[in-house]
Amino acid sequence: MLTIASEIEVLARFGRALADPIRCRILLALRETPAHPTDLADLLGISRTRLSNHLACLRDCGLVVAVPLGRRTRYELADPRLGHALTALSTAVIAVADDADRACAQVAGEDSCR
């Protein structure tokens, strides 16, 4: 069972991962199907180096895992429940956004993965 302190840490890591639109796009792509980095970079229209940095952040946050397949590596969500959580979260946020036209304030310098 998670303690309140560990629940807060888990949610904070999840929030850091979701703070960047590219990481969100990676998670949504992996929610659909596991993928190789080259395919993800092409799908997202970003360089492999940039993708690699974002994948490292998502691995460090415990949201994705690298699965070695011969000479290649495939990425997938660390737990299938994350896909369900992403769907539930985006549905809840859309429902709230439909109820009120609010902007989320961005804190300067706080959207990098640490």
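Predicted model, so just to flag it, every value in this text is computed and none were measured.
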(request) For Arg25, check side-chain hydrogen bond (donor to acceptor under 3.5 Å, both in side chains) against everything at least two apart and list the hits. (result) none
(message) Once side-chain hydrogen bond (donor to acceptor under 3.5 Å, both in side chains) is applied, do any residues pair with Thr73, and if so which ones, sequence neighbours excluded?
(response)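 With neighbours one apart ignored, the set is empty.
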(message) Do Leu77 and Leu63 have side chains that approach each other closer than 4.5 Å (heavy atoms only, starting at C-beta)?
(response)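 No, every pair of side-chain atoms sits at 4.5 Å or beyond.
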(request) Would you indicate whether the side-chain heavy atoms of Leu51 and Ile26 approach each other to under 4.5 Å? (result)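 In contact.
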(message) Could you report the tightest heavy-atom contact between Asp20 and Ile22, atom names first, then the distance?
(response) OD1-N, 2.8 Å
(request) Identify the heavy atoms of Leu18 and Cys24 that sit nearest to each other, and give their distance. (result) O-SG, 3.1 Å
(request) Kindly write out the residues that satisfy side chain to side chain contact (heavy atoms under 4.5 Å, CB included) with Ala78, not counting sequence neighbours, or none if the list is empty. (result)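 Testing Ala78 for side chain to side chain contact (heavy atoms under 4.5 Å, CB included), a comparison that skips the adjacent residues, returns Val65, Leu82.
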(request) Return the set of residues passing side chain to side chain contact (heavy atoms under 4.5 Å, CB included) with Ala56 (not counting sequence neighbours), or none when no residue passes. (result) Arg59
(message) When you measure from the side chain of Arg16 to the backbone of Leu11, do you find a donor-acceptor pair of N or O atoms at a distance under 3.5 Å?
(response)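 Not a single qualifying donor-acceptor pair exists.
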(request) Give the intermediate values and the outcome of side chain to side chain contact (heavy atoms under 4.5 Å, CB included) for residues Tyr75 and Leu55. (result) CA-CA 9 Å; Tyr75 281 84; Leu55 287 172; 3.8 Å; yes
(message) I'd like to know if Arg13 and Glu7 make a salt bridge, using a cut-off of under 4.0 Å between side-chain N and carboxylate O.
(response)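 No, this pair does not count.
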(message) Quick test of your reading: applying side chain to side chain donor-acceptor pair (under 3.5 Å), list the pairs with at least one residue in residues 33-53, sequence neighbours left out, ordered by first then second residue.
(response)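 Qualifying pairs: none.
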(request) Applying side chain to side chain contact (heavy atoms under 4.5 Å, CB included), run through Leu40 and Leu30 and close with a yes or a no. (result) CA-CA 9 Å; Leu40 281 171; Leu30 294 177; 4.1 Å; yes
(request) Report yes or no: do Leu27 and Leu89 belong to one cluster of Ile/Leu/Val/Met/Phe/Trp/Tyr joined by side chain heavy-atom distances under 4.5 Å? (result)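 They do share one cluster, since a chain of ILVMFWY contacts under 4.5 Å joins Leu27 to Leu89.
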(request) Scan residues 71-91 for pairs that pass salt bridge (Lys or Arg N to Asp or Glu O under 4.0 Å), counting only residues two or more places apart or in two chains. (result)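 Of all non-adjacent pairs touching residues 71-91, those that pass salt bridge (Lys or Arg N to Asp or Glu O under 4.0 Å) are Arg74-Glu76, Asp79-Arg81.
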